[in-house]
Amino acid sequence: MTTSTMPSPVLQKPLKLSCIQLASGADKAANLLHAREKVLEAAKAGANLVVLPECFNSPYGCDYFPSYAETLLPLAALG
C-alpha cells in the first residue's frame with residue numbers, strides 16, 4: 001500500500017462547515033424565517049457551507065410533504 005503526503009486537490013483551503021438543527025412547526029413562513037436567521041448567523045461566524053435538516057420548512061413526516069412541498073419551475077421558465 002502506498003500513501004501520499006500531497007494535499008488533496010479537492011480542498012485547496014480550509015472549509016468551515018455549519019450543521020444546523022432546527023425544531024420546525026406547522027407555520028412554514030416562521031420555519032423559513034428561522035432557518036434564514038440561523039444560516040445568516042452561521043455565515044457571520046465564518047461558515048463556508050451551511051447544511052439544514054432535510055425537512056426544515058415543515059413538521060417531519062410523510063403526511064406533511066404534499067402540503068409543504070415547493071414547486072419547481074422548468075429551466076426555460078427562468079430564462
Side-chain angles (χ1 to χ4, degrees):
M1 177 184 349
T2 305
T3 59
S4 174
T5 57
M6 297 194 51
S8 168
V10 176
L11 294 176
Q12 297 297 320
K13 61 181 184 174
L15 173 73
K16 186 169 184 182
L17 171 68
S18 178
C19 297
I20 298 177
Q21 184 64 41
L22 300 170
S24 299
D27 186 341
K28 184 175 182 178
N31 296 335
L32 292 173
L33 179 62
H34 189 215
R36 180 183 188 279
E37 290 168 350
K38 292 299 179 183
V39 168
L40 291 173
E41 182 181 325
K44 286 180 184 174
N48 304 102
L49 176 64
V50 179
V51 180
L52 294 167
E54 67 274 16
C55 294
F56 71 91
N57 73 340
S58 69
Y60 189 80
C62 294
D63 293 339
Y64 297 104
F65 295 164
S67 59
Y68 286 85
E70 301 289 333
T71 300
L72 298 177
L73 300 175
L75 289 177
L78 298 175

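Throughout, residue positions are numbered sequentially from 1 according to the sequence presented.
In plain terms, the two heavy atoms of A42 and S18 that are nearest each other are CB-OG, 3.4 Å. Nearest heavy atom pair, residue N57 against residue S24, reads N-OG, 4.4 Å.
No salt bridge links E41 with K44; every basic N to acidic carboxylate O contact stays at or beyond 4.0 Å.
The NZ atom of K28 sits 14.0 Å away from the CG atom of L33 when rounded to the nearest 0.5 Å. Remark: C55 SG to F65 CZ distance equals 4.0 Å, nearest 0.5 Å. The CZ atom of R36 sits 13.0 Å away from the CG atom of L52 when rounded to the nearest 0.5 Å. Of the inter-residue distances, the one linking D27 atom CG with S58 atom OG reads 12.0 Å to the nearest 0.5 angstrom.
Note on L22 and V51: separate hydrophobic clusters, where clusters join Ile, Leu, Val, Met, Phe, Trp and Tyr whose side-chain heavy atoms are under 4.5 Å apart, directly or indirectly.
Applying the salt bridge (Lys or Arg N to Asp or Glu O under 4.0 Å) rule to E54 yields no partners; only residues at least two apart in sequence or on another chain are considered. Evaluation of the side-chain hydrogen bond (donor to acceptor under 3.5 Å, both in side chains) rule for K16 yields no partner, not counting sequence neighbours.
Checked by atom type and distance alone, the side chain of N31 pairs as donor or acceptor with a backbone atom of G25 at under 3.5 Å.
Using a 4.5 Å heavy-atom threshold, the side chains of V50 and I20 count as touching.
Atom NZ of K38 is surrounded by 12 or fewer heavy atoms from other residues, nucleotides or ligands within 6.0 Å. Within 6.0 Å of atom OH in Y60, 12 or fewer heavy atoms from other residues, nucleotides or ligands are found, so the atom counts as exposed in its surroundings.
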